[in-house]
Amino acid sequence: MDKLIVEGGYKLSGSVNISGSKNASLPILAAALLTDEPVRISRVPDVSDTNYMLQILSQLGASVERSSGTVRIESPEGISSSASYEQVRKMRASICLLGPMMARMHRCTLPLPGGCVIGDRPVDLHLRAIKALGAKVRVKSGNMVIEAPDGLIGTTVDMRGDNGPTVLGTDNLMMAAVLAKGTTVIESAAREPEVVDLANFLNKMGARIEGAGSRTITIHGVEKLHGCDHTVIPDRIEAGTFMVAAAMVSDGLTINRVCRDHIRTMADLLVECGHTVQFNEDGTSVYVEPGKTPRSGKILTNPYPGYPTDMQAQMTALFAVTPGISVVKDTIFPQRFMHCSELKRMGANIKVDAGTAIITGVEGLSGAPVMASDLRASAALVLAALAAEGTTEIHRLYHIDRGYEMLDEKLLCLGAKVQRVRDLEGGIIEP
Ligand code: EPZ
């Protein structure tokens with residue numbers, strides 16, 4: 001287990017290249033199961049979550065080769081339709097194997113995913129979708145056993161849940177429908193750029209998908225899919241994280257390999273809070289520097305194109321050192337405030353109640369030993385540590401390694417004083 005030691009107070013400067021999107025890569029890697037021909041996917045970030053997915057695909061019988069950021073996957077006839085608890089328990093997102101397995105093999109056995117620290121992670125909408133296409137679902141020894149002996153038949157499915165649309169649920173239904181008989185219409189679909197990237201990948205494989213990026217997606221089933229080459233979109237959450245770092249503790253940063261449309265709400269909020277944000281002409285690069293008189297702000301997370309839940313923790317770190325009172329309400333994961341108790345150990349003034357954090361800006365934070373809890377909460381702790389006075393030790397660095405490619409190296413190149421060390425204390429008892 002590693003920890004990150006951060007010497008705060010050093011201003012970042014220079015430029016950083018954003019990696020390919022983790023959340024676009026995961027369903028696209030799973031979609032490789034939909035054809036027995038090879039697919040090549042570029043700019044897949046080298047992070048634990050994508051490596052877990054590649055391990056699972058390999059254990060299912062696919063051949064997997066990675067050379068730097070490009071992955072080649074071939075899924076021959078006879079691949080397994082059953083993933084074990086050991087394989088799946090490390091990553092909740094492995095639920096996105098459900099759609100391609102059902103489309104290709106008309107059956108699958110997948111462990112029911114556990115919850116995680118950001119809240120209960122139900123799969124009822126995923127099961128609503130696959131049952132609507134004609135599958136039968138039963139639970140046996142903690143596994144979902146799903147079968148459609150007569151194949152899947154297209155229909156219209158409204159995928160809206162109590163907390164709005166579901167990203168991976170939309171992905172699963174799209175992937176299940178591409179080889180189904182007839183046409184499937186997804187109502188209340190998720191509009192995230194990662195859903196659009198998956199639809200583009202599937203269409204390159206010969207699928208017939210229309211309307212991705214809108215609330216209604218239509219999929220006309222086809223007989224077979226073929227191999228293709230694809231490059232995943234930039235990681236908009238990594239980009240947003242570096243934009244917040246720039247606004248918090250820099251003399252101005254240039255962030256390259258971004259997509260302006262995907263990070264507009266984050267850019268708009270930083271401007272509203274008094275910071276400088278300037279895109280280049282084609283929107284592939286953005287310059288961010290701290291405002292002279294930063295202002296507090298308000299976040300209400302919403303499904304895309306609203307403000308992303310995956311970016312509220314990072315902004316909370318900025319709000320912690322911004323004069324005034326800021327408010328963060330997460331409508332998607334109301335429990336996603338684990339970072340607040342750790343930020344308070346660094347001197348932040350935050351009150352959390354009923355899915356809302358009230359942040360009163362303080363003069364400055366002070367370094368302290370803190371504990372990472374989930375991917376984005378950990379990023380928030382790194383941002384706070386960069387701005388804090390003194391030394392911060394961030395334990396359980398594996399949370400960050402799940403979704404940020406070479407974060408410590410990237411920060412070192414920007415002038416941060418960070419060091420990854422083995423956490424010999426180790427002795428922290430896992431919850
Ligand atoms: C994706 O998770 C992302 N993960 C998450 O990013 C992101 O926070 C989330 O979308 C919301 O944008 C990946 O893409 C791998 P949902 P997903 O289904 O698809 C409820 C990160 O940090 N729901 O869109 O699993 C659910 O509880 C991760 O990179 C049901 O009720 O999330 C939540 O309240 C964290 N029933 C809401 O819908 C279901 O069957 C949205 O969840 C499924 C979801």
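For the numbers below, each heavy atom of this structure counts, side chains included, while hydrogens, waters and symmetry mates do not. For the single chain, residues carry numbers from 1 onward in sequence order. Counting starts at 1 for both ligands and their atoms, in listed order.
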Engineer: Listing request: all ring-ring contact (aromatic ring centres under 6.0 Å, His included) pairs with a residue in residues 165-204, at least two apart in sequence or in separate chains.
Structural biologist: F201-H230
Engineer: Under 6.0 Å from the NZ atom of K181, do we count more than 12 heavy atoms belonging to anything else shown?
Structural biologist: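 Enclosed: over 12 neighbouring heavy atoms sit under 6.0 Å from NZ of K181.
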Engineer: For D401, run the salt bridge (charged side-chain N to carboxylate O under 4.0 Å, His left out) check against K22, R420, K3, R396 and tell me which one passes.
Structural biologist: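 Checked K22, R420, K3, R396 against D401; only one passes salt bridge (charged side-chain N to carboxylate O under 4.0 Å, His left out): R420.
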Engineer: Count the heavy atoms belonging to other residues, nucleotides or ligands that lie under 6.0 Å from CG of D162, then report whether that count exceeds 12.
Structural biologist: no
Engineer: Restricting to side chain to side chain donor-acceptor pair (under 3.5 Å), what partner residues turn up for D282, sequence neighbours left out?
Structural biologist: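 Partners of D282 by the side chain to side chain donor-acceptor pair (under 3.5 Å) criterion, ordered by chain and then number, come out as N280, T284.
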Engineer: Contact residues of ligand 1 with a heavy-atom cut-off of under 4.0 Å?
Structural biologist: K22, N23, L26, R92, A93, I118, D120, R121, P122, V123, D124, L125, H126, N163, P165, T166, V167, L168, T309, D310, I332, F333, R336, L375, R376
Engineer: Restricting to side-chain contact (heavy atoms from CB on, under 4.5 Å), what partner residues turn up for T109, sequence neighbours left out?
Structural biologist: S82, N143, V145
